[in-house]
There are 2 protein chains.
Amino acid sequence: MVKMSDVAKLANVSTATVSRVLRFPETVKEETRLKVLKAIDDLEYQPNILARQLRRNETNTILVVVPNIMNTVFLGIIEGIEAEASKNNYKVLLGNTNNEVDNEYGLIDLLKQKQTDGMILFSARMERKRLLELCENHPVVLTMDYIDGLKIPSVSIDNISSSRKAVQHLISLGHTRIAHISGPFKYASSKDRYKGYEQAMLHNDLKIDSMLVQEGLFTFESGYNQMLKLLAMEHPPTAIFAANDEMAMGVIKAAKERGLNVPNDLAVVGFDNISFSSIFDPALTTIAQPVYKMGELSMRLLLDQIRGNSQMKSQYILESDLVIRESCGGRETS
Amino acid sequence: MVKMSDVAKLANVSTATVSRVLRFPETVKEETRLKVLKAIDDLEYQPNILARQLRRNETNTILVVVPNIMNTVFLGIIEGIEAEASKNNYKVLLGNTNNEVDNEYGLIDLLKQKQTDGMILFSARMERKRLLELCENHPVVLTMDYIDGLKIPSVSIDNISSSRKAVQHLISLGHTRIAHISGPFKYASSKDRYKGYEQAMLHNDLKIDSMLVQEGLFTFESGYNQMLKLLAMEHPPTAIFAANDEMAMGVIKAAKERGLNVPNDLAVVGFDNISFSSIFDPALTTIAQPVYKMGELSMRLLLDQIRGNSQMKSQYILESDLVIRESCGGRETS
DNA sequence: CTGAAAGCGCTAACAG
DNA sequence: CTGTTAGCGCTTTCAG
């Protein structure tokens, strides 16, 4: 391992000068600089970043905590984070909690031990108190999720108005018996998506039949099963708003099996715009979150905090889009 | 920032003792140990891992270099890597090359600068010479891919025999005009999958019609487009072996649009068993790679190298499975 | 513009 | 079983 002192010796300068050439080249006389650069080259010197980090007390690394890697929505965000991070010379550590709160706690130690300069969380299942304390002492941003009342920098969409938009679309197409297959209500986003459904219905003077609201698990199978339940009703719904695309696909599968044609006999809207929603047959009408942008922005907010120019801890809400494809039939008429 | 010396002072011992309590508790008298632990607790001391890393010259971090994060096959492997890594107290850094060789080179510096203890590569597009040199000086394993002739530790499946198995299945179902939509031939895996197709055909005395082999791009659209070409032939094929699932889905979409029924009028086999292939209608018959296991094994091989007990640099080839679903019709009869 | 020197916080011989 | 001590390799004052 060739080290800085070797370079210094070869170039007949002090290590301080070598260090300067590396970090502030303009402060070194050209002649000396060239000498040093030549020595670096000759020796194929690579600085030991660990030592630098210890000295400077920063790692240029951030931690991304995901509940589940295999989710393409999360992945889109990670892609954005990674892009913005490497643009700023930051590396990203990946932490998978597998939906276990305990793993969240374990990952937090990386921050406390100064192994990363900051952290981006995809969901905050841990105790509020601990989270708050964490945010006060370290750069943290929450993405995809947000916590009411707490002023934690976060980036998300407005799940309520997005869902409202989705349901409103169904209503505009003339549907009145609209069912909702929600996500598990323990997630804030599931509650919000339900609220949006509710608001759109009430706003159009449609009453909400509690039979028409079924709690799913965000999985294909749960969408399929809940749809079967709905189809068994005396007056089944003519349209479904599913809280994510996987469940929407399950819904469509169940409908197809019962001989129903989507969209002619049943209209379906999903949520997330996962990559397969355009490939699925029929292609899914769904709400698209600006995932890449959310990732970039999250990283930028984090950098702001790390660099200390955090104008103020802020919460961003980005626009979502209703992507109209085939699963609801004719375009909006209103 | 409370440091080790603070703990030492409070507990009335030397820093050496504190260090021992942390790393080799059994070598410290219980009484002293408890005193130290209490001090650690009282001060909420968190060791500065950076300093430890510098001193021990190891990071407990490995780097995973992926060509493209948004690929669920890669993701399955990453999941396995991550699981095995965290079981061994290793962290994983994520590097996305976006399919740019230059980014590969950039990421390699992390290894050279001792920022990670080892590296798992998903594809090796860089120059052979550089790769070889890298492997000689650092722990590296190649996964999903392998390089003929070079003895680089790697974990992969046998693409040739897997494809042979897929095509043999179609032949067993009575098909003789079988087309292949390959991946870009610049990838070794594409070539191998083609070879498997060729071998199965020749083995069954079926001649290969070069018109029946079309090079795709591993994308849904390319599968769709190449299928349209095939359908325009005077004697179109009755079965398709696509080099990945996305293309297989494109194939099916094109077939459906032309009024063909899959599997009745056309049998299709894919490759990869991405999660969506079971949801797709018709559910895809495809080759499944043991991705999670590949990830685990890759990580284990890497750890072996890092820890120096690398019995020998070895290349592992895991078994793949033909998953029979709906897209080929009736079960194998042979 | 450059060099000397003092650490960053921890670990690991080596003594005792 | 515990303390002393000498660094890991780099950065950064402070002088010159």
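Letters A, B, ... mirror the listed sequences (proteins, then strands); counts begin at 1.
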Given atom [atom1] of [X] and atom [atom2] of [N], what is their separation to the nearest angstrom?
| X | N | atom1 | atom2 | answer |
| --- | --- | --- | --- | --- |
| B/L54 | D/dG7 | CG | C1' | 10 Å |
| A/Q53 | C/dG9 | CD | P | 15 Å |
| A/F24 | C/dT2 | CZ | C1' | 15 Å |
| A/R56 | C/dG9 | CZ | P | 15 Å |
| B/Q46 | C/dC10 | CD | P | 11 Å |
| A/N48 | D/dG9 | CG | C1' | 6 Å |
| A/D6 | D/dC8 | CG | C1' | 14 Å |
| A/K29 | C/dC1 | NZ | P | 9 Å |

> What do the steps show when you test A/K91 against B/Q115 for side-chain hydrogen bond (donor to acceptor under 3.5 Å, both in side chains), and what is the final call?
Replying inline: CA-CA 10 Å; A/K91 288 144 277 160; B/Q115 290 199 77; 2.6 Å; yes
>> Check this one for me: any side-chain N or O of A/Y45 less than 4.0 Å away from OP1 or OP2 of D/dC10?
In response: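 A/Y45 to D/dC10 OP1/OP2: side-chain N or O found under 4.0 Å.
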>> On the side chain of B/R20, is there an atom forming a donor-acceptor pair with the base of D/dG3 - under 3.5 Å, no angle test?
In response: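 Under the 3.5 Å cut-off, the side chain and the base do form a donor-acceptor pair.
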So, [X] versus [Y]: side-chain donor-acceptor pair below 3.5 Å or not?
| X | Y | value |
| --- | --- | --- |
| B/S189 | B/N159 | no |
| A/T59 | A/Q53 | no |
| A/D192 | A/Y146 | yes |

> Nearest to the side chain of A/R55, which nucleotide is it out of C/dC8, D/dT2, C/dT2?
Replying inline: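 Nearest listed nucleotide: C/dC8.
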What nucleic acid atoms does [X] come within less than 4.0 Å of, heavy atoms only: base, sugar-phosphate, or nothing?
| X | result |
| --- | --- |
| A/N57 | nothing |
| A/S19 | base |
| A/V13 | sugar-phosphate |

> Of A/E31 and A/T15, whose nearest nucleotide on DNA chain C comes first from the 5' end?
Replying inline: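 It is A/E31, whose closest nucleotide lies nearer the 5' terminus.
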> Does CD belonging to B/E26 count more than 12 external heavy atoms closer than 6.0 Å?
Replying inline: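 Yes.
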